[in-house]
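Computed from a predicted structure; not experimentally measured.
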Amino acid sequence: MDDFDHTGGRPGEPGDAHAGIRIRAAGPADVPAFLGILDSAVDWLISQGRTGQWGTKPLSRSPRTVELVEKYVAVGSPRIAEVGGAPAGMLLLTDEPSSYIPAVAEPERYVHFLASDPRFAGRGVGRALLAHAAAETRSAGVSLLRVDCYAGDDGKLVAYYESNGFVRAQTFAAKDGAWPGQVLERRV
């Protein structure tokens with residue numbers, strides 16, 4: 001499943017809710033677009049006073065973030081969502097969780113760095129990417145899709161994943177306890 005057009009969708013997948021969103025396989029040449037999407041998301045978070053999740057500096061300036069994006073692109077199933085040919089969102093999907101999350105005793109797919117460019121807010125880019133990840137997971141014969149996210153502030157990010165069919169699995173704390181996290185899972 002390398003290309004997915006949400007103008008009509010595939011059977012069993014969203015259609016009208018994500019009209020005009022094209023999801024395609026990505027690769028190393030897309031790393032700058034991924035980092036640009038992450039930076040635009042950080043700018044939006046800052047403008048909302050929500051700096052607890054990703055801080056106040058562009059993620060493209062973080063060697064660790066760049067290293068992780070490059071790693072997940074190399075070992076996973078990177079996807080980019082486009083609207084009108086422009087990069088609108090990103091999702092990095094692998095077969096294993098982040099290093100700080102314990103693995104489970106069954107095959108799984110794990111979402112890393114789901115983000116959308118705020119210029120495309122309200123178009124369902126993130127939802128389309130999550131629906132694609134669920135379809136890709138199911139098509140691989142895997143029934144568990146997991147993600148971890150920032151659980152601080154007002155909990156809106158956790159609620160967003162819950163609105164996409166995920167349920168809370170476990171909490172964790174990162175950065176010496178200063179970063180509250182939530183692992184969520186979805187059976188597909």
ILVMFWY cluster, [X] and [Y] together (side-chain gap under 4.5 Å):
X: L145; Y: V125; answer: yes
X: F113; Y: L45; answer: yes
X: I80; Y: L92; answer: yes

field: Donor-acceptor under 3.5 Å (Y72 side chain, V111 main chain)
entry: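 Checked: no pair found.
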query: Within the side chain of Q182, is there an N or O that forms a donor-acceptor pair under 3.5 Å with the backbone of Q170?
result: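 At least one qualifying donor-acceptor pair exists.
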To the nearest 0.5 Å, what is the distance between [atom1] ([X]) and [atom2] ([Y])?
X: H112; Y: M90; atom1: NE2; atom2: CE; value: 11.0 Å
X: C149; Y: F166; atom1: SG; atom2: CZ; value: 10.0 Å
X: R146; Y: R109; atom1: CZ; atom2: CZ; value: 14.0 Å
X: S62; Y: W54; atom1: OG; atom2: CH2; value: 11.5 Å
X: W179; Y: Q53; atom1: CH2; atom2: CD; value: 6.5 Å
X: E108; Y: S143; atom1: CD; atom2: OG; value: 10.5 Å

Worked check of side chain to side chain contact (heavy atoms under 4.5 Å, CB included) between Y160 and L130: CA-CA 11 Å; Y160 173 79; L130 287 172; 3.9 Å; yes
Does a side-chain heavy-atom distance below 4.5 Å link [X] with [Y]?
X: L93; Y: E136; value: yes
X: R79; Y: L129; value: yes
X: V147; Y: V183; value: no
X: S98; Y: D148; value: yes
X: S60; Y: T65; value: no
X: Y110; Y: I101; value: yes
X: Y150; Y: K156; value: no

Is [X] salt-bridged to [Y], cutoff N-O under 4.0 Å?
X: R168; Y: E185; answer: no
X: D117; Y: R123; answer: no
X: D154; Y: R50; answer: yes

field: CA sep, side-chain torsions, deciding dist, call: L35, L59, side chain to side chain contact (heavy atoms under 4.5 Å, CB included)
entry: CA-CA 7 Å; L35 294 172; L59 291 177; 5.6 Å; no
- prompt: Would a line drawn from the ring center of F172 to the ring center of Y100 be shorter than 6.0 Å?
  reply: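 For F172 and Y100, the ring centres are under 6.0 Å apart.
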